[in-house]
Amino acid sequence: MITLQSPVDQLIRLKDDVRSGLTKLGIKTVQDLLYHFPTRYADESQYVSIQGLTEGTTATVRGTIKKLAAKKSWKSRMPLTEGVIEDVGGTMTVIWFNQPYLSKMLHIGGTIEITGKVSLYKDQLAMVNPVLGTHSTGSGQGKPLPIDSHDSLFASDEHATLTPVYPETRGVSSLWFHHSITRALATLETIPDHIPPELLDQYSLPALKTALIWIHGPKTKDNAIVARKRFAFDEIFSINVARQKERALVKKQMAYAIDVASTDTEDFIRRFGFPLTGAQENAIKHIFSDLERDVPMSRLLEGDVGSGKTAVAAAAAYATIMNRPYKNSKTLDSISNTLTTSTRVKQTFGSLQVAYMAPTEILATQHFESFIELFRHTGISIALITGSGCRKFPSKVASNKDNWTTISRTQLSKWIANGEIPIVIGTHALIQKSLTFKHLALAIIDEQHRFGLNQRKGLAKKDTHFPHLLSMTATPIPRTLALTIYGDLDLSLLDQLPAGRKQVTTVMVTPDKREEVYEKIRAVLKEGRQAYIICPRIASSDKDAEKTIQMKNVLTEAKRLQEKVFPEYRIGILHSKMTKEKKEESMQDFVNHDVDILVATSVVEVGVNVPNATVIIIEGAERFGLSQLHQLRGRVQRSSHQPYCYLFADAKSDRTQERMKLFLTAKNGFELAEYDLQLRGSGELTGMQQWGISDIGMEALRNLKLVEAARQAAITLVAQDPTLAKYPLLEAHTKPFETLHFE
Ligand code: ADP
Ligand code: MG
């Protein structure tokens with residue numbers, strides 16, 4: 001019997017190319033297939049069938065590419081692309097002269113829409129140099145969905161027949177999806193719905209099977225819209241359920257209640273030497289009131305690069321380590337069942353501990369160094385633990401008292417285990433099994449978007465207490481997205497930069513000014529500063545032949561700059577295909593100023609601090625999401641020198657111009673993140689895919705009302721039934737969202 005969990009090949013026999021195409025799309029089961037939604041609906045009636053074509057007329061044909069080859073014309077040796085396309089009625093030859101890249105852009109099995117004059121070629125009906133329709137999906141993925149209005153979902157004609165158009169890949173056509181999905185829906189008698197019926201009622205949403213039938217084969221536009229609405233709600237609701245479940249589990253744990261008032265944390269903060277911004281004050285206030293409770297804090301501190309998250313983290317760390325460990329009566333008197341924390345048994349030895357984790361060695365080392373400065377006067381010990389070794393501050397050697405010293409991992413582990421070292425900073429090495437804290441009260445996580453229940457448990461180990469969690473990120477995201485993917489966390493925003501920060505001078509550069517900009521950079525380098533040059537790609541590839549020609553890539557650009565533009569300076573590279581070690585090495589060279597210009601992809605985003613780098617060039621700026629551009633620009637905002645950001649963009653379209661204008665005028669990263677969400681669908685790179693949310697889900701995030709409804713529904717349901725005992729289908733459906741990693 002076919003069920004949702006059956007593999008697709010039980011439903012339908014798969015040819016090899018179809019099989020590999022499905023694998024590429026991540027479609028394994030019948031359920032995966034049914035959740036492969038159309039990106040839009042075409043109007044069949046606008047197409048002429050190949051059978052019905054007559055010579056000399058102009059027509060639009062839609063079909064599947066059967067053959068495709070790059071050739072040279074017989075006489076003139078002119079390059080050409082020759083293909084055969086097929087629709088239900090027949091096949092036709094198509095020739096494009098002088099467009100050899102088409103043979104790489106299109107692919108066999110893809111769907112294509114062409115408009116042209118029908119002529120005779122070798123005695124057969126053919127089209128020569130037809131125009132590719134915007135709805136040709138043969139060139140790759142389907143277009144992302146349009147903004148709010150549903151108009152571009154559909155063909156223009158009111159009475160159009162609605163034919164679903166699917167995101168395709170090599171080997172699997174839109175037509176194949178249409179047939180297989182129709183068969184699946186006919187075969188499956190019932191499709192159990194994981195959304196409780198009372199919720200469907202409450203929001204007038206169709207049941208799962210109806211929604212599937214409607215989204216894949218709508219009779220009316222309304223069918224399609226209502227079905228999409230159901231799946232939008234479904235996705236946001238499901239993620240929220242998973243997050244709320246996690247939140248409920250954490251809240252049941254017990255944390256060390258920090259007595260902030262008993263410490264001199266105010267003095268500690270005063271020593272920073274600058275007044276806190278209002279946003280920092282606010283965040284610290286909320287963090288302290290979380291820490292004072294014996295329920296584990298779960299808070300996300302979101303703030304632009306340079307908004308001063310480290311100072312907030314340091315204040316939280318200080319308040320924590322100034323508290324002595326105690327045993328709660330909860331754990332002591334479990335027999336007498338006194339669930340009060342008022343009788344605490346303070347221990348006399350050691351203090352509570354703080355773990356501070358960063359995604360890279362360089363960042364961890366930078367945090368270690370700033371914490372030494374902030375905590376030097378307290379005399380407490382701080383340790384650094386990374387893959388390449390361990391350090392401890394202060395050194396035991398009398399002559400080196402003001403400095404750190406290297407230390408063996410074994411020795412350090414011992415000191416952490418017996419509670420002698422209150423603050424431990426590190427990379428992932430911190431969560432290795434061999435490392436045990438004695439009294440871990442607070443975990444601070446920098447730039448790792450998700451740090452789940454299991455990792456927190458892993459850190460706490462044998463301790464009966466669960467650590468408070470302060471998660472920090474410099475990636476501002478839209479409010480609706482934050483409410484959803486961080487539904488288990490409380491949010492604090494640092495939406496203010498410290499006073500007196502130098503604004504980055506941002507300039508859109510037209511192509512004819514390129515040399516001028518290079519001269520400006522040369523002048524800055526001459527003064528001893530450093531520069532970033534960001535390219536949208538790593539290497540040239542022939543997959544996207546036409547575009548690659550103009551698109552800068554790291555490898556070629558680094559070579560060109562070294563040979564032709566900046567022969568007198570040292571140029572380094574950094575991109576995501578390098579190993580972790582190579583990346584760190586490359587970054588370290590830049591930090592040490594052994595390299596003057598770093599040519600990189602956007603990997604350079606994540607919070608590295610090189611104050612001496614004051615210029616950034618962004619090539620192909622139109623290819624980046626606005627918040628991504630903002631992150632990149634933030635790299636040069638760390639210095640007392642005037643920073644510059646030069647954008648090279650192919651800004652011919654109005655849309656690009658509008659986006660670039662927004663970038664030049666927006667107040668902060670949050671504003672840009674909202675723009676990104678609203679502008680999504682422009683077909684330009686969005687920087688939003690990383691959150692693991694589908695197109696429909698992203699569409700839903702533009703709708704605050706829907707997001708709030710879905711969130712509220714999840715909160716209510718999980719409050720009544722935290723383990724989802726009454727909703728086994730929902731439990732199974734939301735399980736995958738629990739382990740989603742948004743890194
Ligand atoms: P991020 O939020 O990117 O982690 P940091 O915490 O590294 O930012 O802070 C960037 C710089 O700003 C540091 O040198 C820090 O000392 C300084 N800073 C932080 N808060 C303030 C403030 N309120 N006023 C002035 N400077 C500040
Ligand atoms: Mg930081």
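For clarity, every value in this text was computed on a predicted model and none was experimentally measured.
Listed here is the closest heavy atom pair of Thr734 and Ser238: CG2-O, 3.5 Å. For the pair Ala673 and Pro478, the tightest heavy-atom approach, listed with the atom from each and the gap, is O-CG, 3.5 Å. Here the closest heavy-atom approach between residue Ser576 and residue Thr601 is recorded as N-OG1, 3.9 Å. The shortest heavy-atom contact between Val226 and Pro206 is CG1-CD, 3.4 Å.
Under 4.0 Å is where a charged nitrogen must lie from a carboxylate oxygen, and between Asp234 and Arg230 at least one such pair does. Ion pairing between Lys15 and Asp9 fails under the 4.0 Å rule for side-chain N and carboxylate O. Taking the charged nitrogens against the carboxylate oxygens, Lys66 and Asp87 have no contact shorter than 4.0 Å, which rules out a salt bridge. Taking the charged nitrogens against the carboxylate oxygens, Glu731 and Lys245 do have a contact shorter than 4.0 Å, which makes a salt bridge. Taking 4.0 Å as the cut-off between side-chain N and carboxylate O, Glu302 and Lys309 do not count as a salt-bridged pair.
Atoms CD and CZ, on Glu113 and Arg62 in that order, are 7.0 Å from each other to the nearest 0.5 Å. Note: Gln631 CD to Thr475 OG1 = 4.5 Å, rounded to the nearest 0.5 Å. For the atom pair CG of Leu491 and OH of Tyr486, the computed distance is 9.0 Å after rounding to the nearest 0.5 Å. Distance CZ/Phe37 to CG/Leu212: 6.0 Å, rounded to 0.5 Å. If you take CD on Glu708 and CG on Leu704, they are separated by 4.0 Å, rounding to the nearest 0.5 Å. If you take CG on Leu483 and CD1 on Ile477, they are separated by 9.0 Å, rounding to the nearest 0.5 Å.
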message = Evaluate Ser492 against Leu300 for side chain to side chain contact (heavy atoms under 4.5 Å, CB included), listing each step before the verdict.
response = CA-CA 6 Å; Ser492 287; Leu300 177 70; over 6 Å; no
task = May I have the step-by-step check of salt bridge (Lys or Arg N to Asp or Glu O under 4.0 Å) for Arg243 and Glu246, ending in yes or no?
result = CA-CA 5 Å; Arg243 303 266 73 90; Glu246 177 152 349; 3.3 Å; yes
task = Would you please test Thr111 and Leu175 for side chain to side chain contact (heavy atoms under 4.5 Å, CB included) and show each step?
result = CA-CA 8 Å; Thr111 303; Leu175 220 58; 5.9 Å; no
inquiry  = Could you walk me through whether Val172 and Leu22 satisfy the side chain to side chain contact (heavy atoms under 4.5 Å, CB included) test, starting with their C-alpha distance in whole Å, then the side-chain angles of each, then the deciding distance to 0.1 Å, before giving a yes or no?
reply    = CA-CA 7 Å; Val172 206; Leu22 290 179; 4.2 Å; yes
key: side chain to side chain contact (heavy atoms under 4.5 Å, CB included) assessment of Phe231 paired with Leu208   = CA-CA 9 Å; Phe231 289 112; Leu208 182 55; 3.7 Å; yes
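The environment of Lys209 atom NZ is dense: over 12 non-hydrogen atoms of other residues, nucleotides or ligands sit within 6.0 angstrom. Atom NZ of Lys577 sits in a sparse spot, with 12 or fewer heavy atoms from other residues, nucleotides or ligands closer than 6.0 Å.
Checked options Ile236, Leu724, Ile715; the residue passing with Val241 is Leu724 (criterion: side chain to side chain contact (heavy atoms under 4.5 Å, CB included)).
Below 30°, between 30° and 60°, or above 60°: for Phe233 and Phe237 the angle between ring planes is below 30°, a parallel geometry. Classified by interplanar angle (parallel below 30°, tilted 30° to 60°, perpendicular above 60°), the ring pair His194/His733 is parallel.
Taking the side chain as every heavy atom from C-beta outward, Met472 and Glu447 never approach each other to under 4.5 Å. Side-chain contact between Leu717 and Tyr727 is present, with at least one heavy-atom pair separated by less than 4.5 Å. Under the 4.5 Å side-chain criterion, counting only non-hydrogen atoms from C-beta, Ile50 is in contact with Ile85. Residues Leu470 and Leu489 are not in side-chain contact: their nearest non-hydrogen atoms beyond the backbone lie 4.5 Å or more apart. Residues Lys28 and Val8 have side chains not in contact (no heavy-atom distance under 4.5 Å, counting atoms from C-beta outward). With contacts defined as side-chain heavy-atom distances shorter than 4.5 Å, the pair Leu188/Leu4 qualifies.
In the model, Asp294 has no side-chain atom that pairs as donor or acceptor with a side-chain atom of His465 under 3.5 Å. With 3.5 Å as the limit, one finds no donor-acceptor pair spanning the side chains of Ser298 and Arg247.
Between His216 and Tyr166, the ring centre distance stays below 6.0 Å.
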